[in-house]
Amino acid sequence: MKINVLKYLSILLISISVGESYAQNAYDLKGTIKGVQSGTVKLAAYHEDDRTQITVDSTIISNGSFEFKGKIVPQLMSIIIEPGNYGFKVFVDGPDVVTADTAGAKHYDYTKYGMDKGALITQFTETGSQNYDDWMAYENDPGQKQFDGKFADLDKKFKAVGNDIDAQYRVRDELDSVEKLKQAWQKQKIDQYVAQKPSSVAGIYMFDQLYQFISGRMSYSDLDAMLNKFTGQATQSPYYDSLVASRKRLRAIQPGSLAPDFTLLKRDSSKFTLSSFTKGKYTMIDFWASWCHPCRQAIPHWKEVYQKYHSKGFDIVSVSDDNKWSNWTKAMDIEKMPWTQVDDRFSKKNMPADVGSLYMTTAIPFYVLLDKEGKILVYTNDETKIDAKLKEIYNE
């Protein structure tokens, strides 16, 4: 099983960015909230570039009611209510009416991760938004709901194995299989929806959310083809802009492209620059982390590969996704990997590691094989594809 380094954070985040270059619509959002008679309410968007929340508008709650008016790019946004930091999401795209009830809200506390605490409101409705109606129809489709029971059963199975790491990963493999089935259903449903409504913001939002989880398995050509299906207002949305940016990054790491250069620190704090290392030899970049069980399991195999081909002009550089230097060095002491080791840099708070992001490695382990000129030969999460290419290179 591959470890998804973005999945759990992205569940908590709304993939939204705001920009004046987008076409804006007038909106009038009226709301009532049961459980909070007075206080304040914010309309907030999430800026995907740096994962910061932006307050677009705010107003007061009077006798449980509030109203927002203005212009905005049609998109899914958060309504955040104080006191209590209650929140829920609605599409803001015209004259909308929302009703919400704090009863049954799901409370959370992420303060130990440097985030906030509050409650997600589960009882709410929105009327007046076709985007919201279409999104809810998709979310509540029986085809989507069919997977809920399977996930619940596997969650119980996971808890039952206790601290047995190998058993945990066997269950995670099962979870992975079910999740891929669900994602395949979602992609098919989104394709059908976009064929009927190519200009719908709801459609590009649905795909943007799915892409966060399947980006590591979606080729450049498939992403490009999908984006070319959208028209009109969908192409003016921040979701489309985000996906276009992903397409640009993905294009830069296609086989045949010069590998994006980077400089990171080695264990002794000396600098390592990829471009000064790769000339004249085949190099595999190994993205891993001390906490990644399948990464650690793969190390004995790569030791064999390194021993077999190193004298023939093959090398490895491992890029760790550890944000704690001590965890990284402890793992290196245990694994005793004989090739170059560097630790990735986390230069932005709440953002993935810099080089991992540059190479779009949303799951680890991940491997990138370079030729003697530093160009990408193989870009994959499948070690057998690296093995096959090396056998081809060395005429085995």
Give a yes or no on this: more than 12 heavy atoms of other residues, nucleotides or ligands lie within 6.0 Å of atom CZ of Arg251.
no
Using modelled atom types and a 3.5 Å cut-off, is there a donor and acceptor pairing between side-chain atoms of Lys279 and backbone atoms of Glu373?
yes
Flag yes if more than 12 heavy atoms outside Asn163 fall under 6.0 Å of its CG atom; otherwise flag no.
no
Treating Gln53 as the side-chain partner and Ala44 as the backbone partner, does any N or O pair qualify as donor plus acceptor under 3.5 Å?
no
Thr278 OG1 to Leu258 CG distance, which is reported to the nearest 0.5 Å
7.5 Å
Under the 3.5 angstrom rule, does the side chain of Gln236 hit a backbone N or O of Gly232 as a donor-acceptor pair?
no
Shared hydrophobic cluster, Leu29 / Val97 (ILVMFWY, side-chain heavy atoms < 4.5 Å)
no
Report the distance from atom CZ of Arg296 to atom CD1 of Ile165, rounding to the nearest 0.5 Å.
11.0 Å
Check this for me: Lys187, atom NZ, are more than 12 non-hydrogen atoms of other residues, nucleotides or ligands nearer than 6.0 Å?
yes
Take Thr329 and Met332, measure what side chain to side chain contact (heavy atoms under 4.5 Å, CB included) needs, and give me the verdict at the end.
CA-CA 5 Å; Thr329 55; Met332 287 192 294; 4.0 Å; yes
Would Phe314 and Tyr282 count as a close aromatic pair, with their ring centres under 6.0 Å?
no
Closest non-hydrogen atom pair, Cys295 against Phe287:
SG-O, 4.4 Å
Between the side chain of Lys330 and the main-chain N/O of Ser290, is any donor-acceptor distance below 3.5 Å?
no
Are side-chain heavy atoms of Ile79 and Phe88 found at a separation under 4.5 Å?
yes
How about Lys312: does its NZ atom have over 12 heavy atoms from other parts shown lying under 6.0 Å from it?
yes
Report whether Phe151 and Leu210 are members of the same hydrophobic cluster (ILVMFWY, side-chain heavy atoms less than 4.5 Å apart, transitive linking).
yes
Is any side-chain heavy atom of Val90 less than 4.5 Å from a side-chain heavy atom of Ser129?
no
Ser237 side, atom OG; Leu243 side, atom CG - distance, nearest 0.5 Å
8.0 Å
What's the spacing between Asp93 CG and Tyr27 OH if we round to 0.5 Å?
12.0 Å
Is a side-chain donor-acceptor pair under 3.5 Å present for Gln144 with Asn140?
no
Close aromatic pair by centroid cut-off 6.0 Å: Phe366 and Tyr359
no
Quick one: sort the Tyr211 and Phe207 rings into parallel, tilted or perpendicular, breaks at 30° and 60°.
tilted
Using 0.5 Å steps for rounding, measure from the OH atom of Tyr240 to the OG1 atom of Thr231.
9.5 Å
So, Ser275 and Thr273: side-chain donor and acceptor under 3.5 Å apart, yes or no?
no
Evaluate the side-chain proximity of Tyr132 to Asp96: yes if any heavy-atom separation is below 4.5 Å, no if none is.
no
Does atom NZ of Lys229 have more than 12 heavy-atom neighbours from other groups under 6.0 Å away?
yes
Answer yes or no: is there an ion pair linking Glu179 with Lys182, defined by an N-O contact shorter than 4.0 Å?
no
Is a side-chain donor or acceptor of Ser276 paired with a backbone partner of Phe272 at a separation under 3.5 angstrom?
no
For a quick test of reading the model, state the closest non-hydrogen atom pair linking Gln75 to Pro238 and the distance between them.
NE2-CG, 4.1 Å
Measure across Met77 and Ala45 and return the closest heavy-atom pair with its distance rounded to 0.1 Å.
CE-CB, 3.5 Å
Do Thr384 and Asp382 have side-chain atoms, one donor and one acceptor, less than 3.5 Å apart?
yes
Is a donor on one side and an acceptor on the other found under 3.5 Å between the side chain of Asp208 and the backbone of Ile204?
no
Do Trp135 and Gln209 make a side-chain contact, defined as non-hydrogen atoms from C-beta onward lying under 4.5 Å apart?
no
Carboxylate-amine/guanidinium proximity below 4.0 Å for Lys391 and Asp387:
no
Where Trp339 and Ile299 come nearest, the two heavy atoms and their spacing
CH2-O, 4.4 Å
Between Lys180 and Asp176, does at least one N-O distance fall below 4.0 Å, as a salt bridge requires?
no
Kindly compute the distance separating CG (Asp333) from CH2 (Trp328), expressed to the nearest 0.5 Å.
10.5 Å
Sub-4.5 Å side-chain heavy-atom contact between Glu67 and Asp28:
yes
For residues 32-43, run the donor-acceptor check on the side chains, cut-off 3.5 Å, and write out each pair with its distance to 0.1 Å, sequence neighbours left out.
none

side-chain contact (heavy atoms from CB on, under 4.5 Å) against Asn85, all qualifying residues, sequence neighbours excluded
Ile80, Glu82, Tyr108, Asp116
Do Tyr394 and Tyr309 pass the ring pair (Phe, Tyr, Trp, His ring centres under 6.0 Å) test, and can you show the C-alpha distance, the side-chain angles, and the key distance before you say yes or no?
CA-CA 8 Å; Tyr394 294 108; Tyr309 296 121; 4.8 Å; yes
Non-hydrogen atoms of Asp344 and Gly356 that approach each other most closely:
OD2-N, 2.9 Å
Met351 versus Phe346: any side-chain heavy-atom pair under 4.5 Å?
no
Answer yes or no: is there a side-chain heavy-atom contact under 4.5 Å between Trp325 and Asp343?
yes
Quick one, Arg170 with Asp166, criterion salt bridge (Lys or Arg N to Asp or Glu O under 4.0 Å). Give me CA distance, side-chain angles, the key distance, then yes/no.
CA-CA 6 Å; Arg170 285 193 292 270; Asp166 290 325; 5.5 Å; no
Testing the basics here: between Ser246 and Leu223, what is the closest heavy-atom pair and its distance to 0.1 Å?
C-CD2, 4.3 Å
Check: Gln307 side chain, Glu304 main-chain N or O, donor-acceptor pair, under 3.5 Å:
no
Around atom CG of Asn63, are there more than 12 heavy atoms of other residues, nucleotides or ligands at under 6.0 Å?
no
Could you tell me whether the side chain of Leu274 reaches within less than 4.5 Å of the side chain of Val355, counting heavy atoms only?
no
